[in-house]
Amino acid sequence: MKVAVITFPGSNCDYDGYQAFKLLDGFEPEFRWHRDAALGDVDAVFLPGGFSYGDYLRPGAIAHLSPVMEAVRDFAAGGGPVLGVCNGFQVLCESGLLPGALLRNPSLRFRSHDVHLRVETTRSPFTSAYEKGAVLRIPIAHGDGHYTASKEELAELEGEDRIAFRYCTTEGGLAPESNPNHSEHHIAGILNPARNILGMMPHPERAVEDILGSTDGLGLFESLRAHLSGTLATQTP
Amino acid sequence: MKRYHLEVRVKPRPGLLDPQGKAVAHALSDLGYAGVADVRVGKILDVELDAPSETEARERGEEMCRKLLANPVTEDFEVTVAGILEDA
Amino acid sequence: MKRYHLEVRVKPRPGLLDPQGKAVAHALSDLGYAGVADVRVGKILDVELDAPSETEARERGEEMCRKLLANPVTEDFEVTVAGILEDA
Amino acid sequence: MTDPTTAPTTGSTPAPATASAPVTATPAPRPGDPEITAELVADHGLSPSEYELVLGILGRTPTFTELGIFSAMWSEHCGYKNSKRLLRLLPTEAPWVIQGPGENAGVIDVGDGLAVAFKIESHNHPSAVEPYQGAATGVGGILRDIFTMGARPVAVLDSLRFGDLDSPRNRYLFAGVVRGVGDYGNCVGIPNIGGEVFFDRAYEGNPIVNAMAIGLMKREELITAEATGVGNPMMAVGARTGRDGIHGATFASEELSGDDDVSSRPRVQVGDPFTEKLLLEASLELIGSGHIVAIQDMGAAGLTSAASEMAGRGGSGVSLEMSRIPVRESGMTPYEILLSESQERMLVVAKRGREDEVRKILEKWELEAEPVGEVTDNGHFQIFENGVLVASIPALPLTDGCPTYEREGIEGDDVKVARARDLGHLLEPEGDLSEAFMSLLKSPNLASKRWIYEQYDTTVRTSTVVRPGGDAGVIRFRGSRRGLAATTDCNGRYCWLNPREGAKAAVAEAARNLVCSGALPTAVTNNLNFGNPLKPHIYHQLREAVLGMAEACALFETPVTGGNVSLFNETDGVAIYPTPVIGMVGVLDDVEAHAMTHGFKAEGDAILLLGENREEMGGSEYLYRKEGVVAGEAPIVDLLAERRLQHAVLGLIQKGVARSAHDCSEGGLATALAECAVGSEKPFGVQVRLEDNLAPVALFFGETQGRVLLSVAPEDVDRALDMARDHGVPAVSIGAVGAPGSSFSIRSPRGHLELDIGRVAEQYHATLPALMTRSNGGEPA
Ligand SMILES: Nc1ncnc2c1ncn2[C@@H]1O[C@H](COP(=O)(O)OP(=O)(O)O)[C@@H](O)[C@H]1O
Ligand SMILES: [Mg+2]
């Protein structure tokens with residue numbers, strides 16, 4: 001299973017993503033440069049975190065115009081799974097592949113700490129290995145993570161079960177203190193209508209080994225592997 | 001061809017959360033400015049652009065906004081020709 | 001007392017590196033806009049301010065810039081009265 | 001890291017970059033250059049005797065350009081005039097030291113074929129002028145020092161000092177600096193793993209911003225910055241040169257006035273972390289490519305110091321053609337180009353004929369590389385402007401000939417008075433000290449620093465094992481069992497009261513922090529932040545601090561591999577506290593098994609105290625909070641006892657006996673216990689009973705050195721105490737970890753405190769945010 005890990009100038013979680021895929025048998029991550037107009041023969045795409053183009057203008061704004069994003073768009077249109085994390089999520093919103101936008105954290109400060117996420121749906125190539133309602137502990141690290149969208153879009157996201165993760169308390173409740181960037185509806189990650197694109201602010205690739213403090217992000221990679229190999233993912237909590 | 005100075009103003013959509021504006025308003029009243037009713041913070045871009053005519057310059061500027069400079073989901077933009085710099 | 005709409009432009013000092021402007025200019029030419037000679041990115045603040053007169057409103061705006069809105073070391077500012085909103 | 005495939009465009013083959021001239025050639029004064037007068041020389045910071053030396057080296061009057069070059073290279077910053085002789089006293093050697101002082105960064109062997117480059121650098125003055133950019137460019141500069149050694153930066157730390165937070169200006173500086181440190185490191189993608197911050201009115205007007213960076217490489221990837229190989233081209237790489245931060249004296253105004261208004265010309269350097277990230281990737285790729293001989297950051301004194309130092313180290317000459325330097329502004333003179341401190345620029349010595357390959361690598365990373373000169377064999381630093389020689393200086397005297405001074409040092413009278421002050425009355429209150437402790441926790445020096453490090457990405461690179469918040473940060477080395485711990489430490493108050501003991505305490509605390517994190521202290525970088533050394537009482541501080549550092553580093557076998565000196569930190573003639581910041585790194589042989597944190601792990605675990613309690617209140621936070629003064633004797637440092645303590649603690653951790661370990665520092669035992677209690681997700685209760693018959697104020701809040709708190713499983717208590725005593729370390733079991741949410745209770749024969757742990761935790765976390773939500777009078781958007 002080949003995974004294209006996209007590097008934009010200024011990406012800095014590309015290597016972390018690459019390493020996370022490497023941890024799981026079956027994945028063969030490969031780097032793609034932002035100027036590459038074709039992805040080649042790959043089974044999934046990973047858009048990493050970081051500061052593509054320094055986050056200048058708006059996070060993800062300049063990157064979404066990169067040649068490689070045309071290829072990603074085509075790949076996604078054909079049903080290929082695309083996972084965008086942090087800056088990757090911002091790029092996906094800027095390119096219109098996901099609805100809404102990510103604005104400056106209302107605290108006006110960069111936020112870097114662990115958060116708790118509630119798995120809201122298991123109906124996706126990225127979340128099937130989790131149990132619905134499971135609470136994960138995963139780091140965030142961003143300055144622009146306030147998710148916003150129009151009322152209609154939010155209603156659609158809710159109605160179509162396209163919210164993948166919400167920020168929650170340790171116990172899984174929704175409280176203002178547990179929403180680090182005051183995202184609307186506590187949204188931490190969403191799916192596109194076809195459910196093959198996931199964008200999320202927290203970093204699952206930073207929670208895949210005990211030594212890093214959490215392995216709760218592994219489920220995403222396991223789900224994707226199961227999806228690509230056509231087997232049913234075994235459920236992990 | 002002339003070189004035009006475009007002033008591109010990109011502002012947060014009304015109704016949208018503008019934490020920066022709120023923080024500035026707050027800081028101003030802390031500083032003792034009583035009459036501040038509202039502050040919104042946007043971006044201003046000075047673009048020097050070579051174009052055959054003023055209309056063309058403005059239109060290109062607007063196109064740049066649609067493609068890149070403004071986010072259609074959250075921002076409004078306005079382009080004005082602020083000056084003609086020289087023959088390019 | 002009237003409520004004035006001040007438009008405050010805060011721009012990076014000439015000569016100072018403006019990495020953001022540089023990146024945007026680069027991106028625009030990558031997008032195929034050949035004539036982009038320079039881009040500088042600043043802030044624009046819309047301030048609604050109650051003041052007894054237009055002159056007073058502008059002067060307060062300028063003072064706010066010196067005290068808070070602009071960084072005297074790196075930025076220049078300009079305050080214009082963009083409109084009168086209402087009697088406050 | 002990445003291996004993106006791309007088809008770079010090929011640059012045109014460059015025309016020969018430079019002319020060359022015999023060393024006997026005399027540079028021509030440029031039209032418009034000011035005349036060299038005694039006043040102009042003085043404005044350039046050169047004393048009459050130093051100017052005599054210049055005349056002797058050149059055998060003639062310098063040109064204006066040459067004067068600028070000497071002025072920069074012989075400044076305190078580049079020439080270490082007042083500190084060099086003292087720095088020679090520091091121990092610098094050990095079998096594991098690969099590169100000692102003198103290069104862009106020190107390098108040590110950390111086993112498994114890996115090497116670590118690390119260094120600390122100050123940006124105090126720029127941060128006082130513009131906190132955000134000052135701090136950001138400070139981080140940028142130190143990162144470049146690391147990757148120019150061939151190492152990939154893997155961690156940063158920041159050591160900060162400000163005036164008290166009740167002033168809006170100080171809040172503005174503090175907020176801006178933290179944002180600057182964060183934005184830069186976050187954008188480049190280097191995790192912050194620790195640092196420190198201290199607030200005291202002594203830093204009013206002179207904040208301290210020291211940034212430390214750590215890089216990792218395979219041993220054989222090390223590259224040093226020596227310009228060798230006659231005919232090899234020198235290439236300017238990265239950002240363009242502007243008029244930022246030009247070393248400035250007012251005289252130059254007339255000459256410099258080109259097209260823009262001089263008064264509005266910014267001296268501030270603006271950082272561009274995005275370009276830095278590209279430069280980092282490009283530089284590492286360049287070094288790995290074999291196309292280059294050497295690479296150096298254009299840091300302080302920019303192109304001048306980069307080029308002349310590379311020539312000096314290589315024992316060669318260089319010639320540079322100013323018209324080839326990519327500039328950002330028009331009409332720049334050689335003087336300006338040579339002294340500009342524009343950020344994110346490198347000077348590369350390429351192998352002859354490989355210019356195109358170098359350019360291709362840079363172009364892939366969307367950067368420029370321009371041949372601007374070459375290595376010559378005439379030993380001179382020669383500058384041309386459109387083929388006309390404008391400066392020609394022997395390189396070695398320029399870089400190494402800066403006169404150094406040993407000055408008179410006499411202890412200041414104010415310190416003697418402060419030290420002699422009787423603090424007996426401070427010990428008076430006995431009995432219930434609960435509220436005294438609560439008010440102590442309102443000190444930002446003791447409270448949680450989460451407000452700071454939550455603005456820093458601490459987990460990018462997925463190698464951070466211990467994040468900021470405890471004693472030291474720990475990272476792992478991928479593909480190896482090993483890891484590295486790092487910390488920065490210094491208490492300026494102790495150093496002011498007694499610079500020698502204070503410096504020893506800084507080294508000892510740094511080592512203790514590493515040991516508490518499971519690492520063996522290995523090597524040191526340091527930043528000497530002091531006032532004006534021309535004043536005898538400041539020179540006294542400097543010399544004493546260096547002596548204390550030397551003694552402690554020798555004893556701990558942690559050689560000093562580099563550092564930085566920042567002098568003249570004064571406002572209105574008042575100096576900061578002497579602040580010799582110690583940046584220390586330590587190696588963990590088995591990071592997975594040995595990395596240790598300070599938070600208690602389980603209810604019922606026994607709490608052990610290693611080390612001895614004493615009645616020492618001098619220089620304490622308690623005293624400063626209570627009476628607003630810094631007085632008394634600084635805590636004594638017994639280095640031999642420290643070493644025994646550290647061996648014992650490291651042994652207990654490596655044997656798997658200790659379940660948590662924490663150093664006792666500012667705020668004393670009570671604060672340290674509270675930190676252990678709140679150091680995990682749910683705060684644990686604490687039940688401690690001390691048998692010492694000391695005044696409870698001293699016992700609870702005194703800052704006696706050489707103490708460590710451990711927690712161990714109940715069945716391991718005897719074994720742990722035996723092991724400690726085998727090392728000759730006093731050790732007692734003082735109590736137990738209580739249930740989460742229960743009470744925080746410390747008792748002694750003469751006093752006690754008992755609080756709800758929830759209340760302690762809340763105050764501990766709320767202090768800094770509460771101070772910082774007040775208006776800072778000036779940090780907009
Ligand atoms: N400026 C800073 N940057 C990053 N981490 C910091 C900073 N200041 C403090 N910290 C972290 O907060 C924790 C507590 O700091 P400090 O009170 O100085 O601890 P200690 O006294 O044990 O050295 C440490 O882990 C330290 O790394
Ligand atoms: Mg400390």
Using non-hydrogen atoms only, which part of Leu69(B) is less than 4.5 Å away from chain C: side chain, backbone, both, or neither?
side chain
Criterion side chain to side chain contact (heavy atoms under 4.5 Å, CB included) against Ile44(B), the qualifying member of Arg9(C), Glu7(C), Lys43(C)
Arg9(C)
Among Val39(C), Asp38(C), Val36(C), Leu28(C), the one residue meeting side chain to side chain contact (heavy atoms under 4.5 Å, CB included) with Leu49(B):
Val36(C)
For the atom pair OH (Tyr33(C)) and CZ (Arg60(B)), what is the distance rounded to the nearest 0.5 Å?
9.0 Å
With chain C as the partner, which of Ala57(B), Ala34(B), Gly42(B) has the greatest number of non-hydrogen pairs under 4.5 Å?
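Counting heavy-atom pairs under 4.5 Å, the top option is Gly42(B).
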Best-contacting candidate, Lys11(B), Lys67(B), His5(B), against chain C by heavy atom pairs under 4.5 angstrom
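The option with the most such pairs is Lys11(B).
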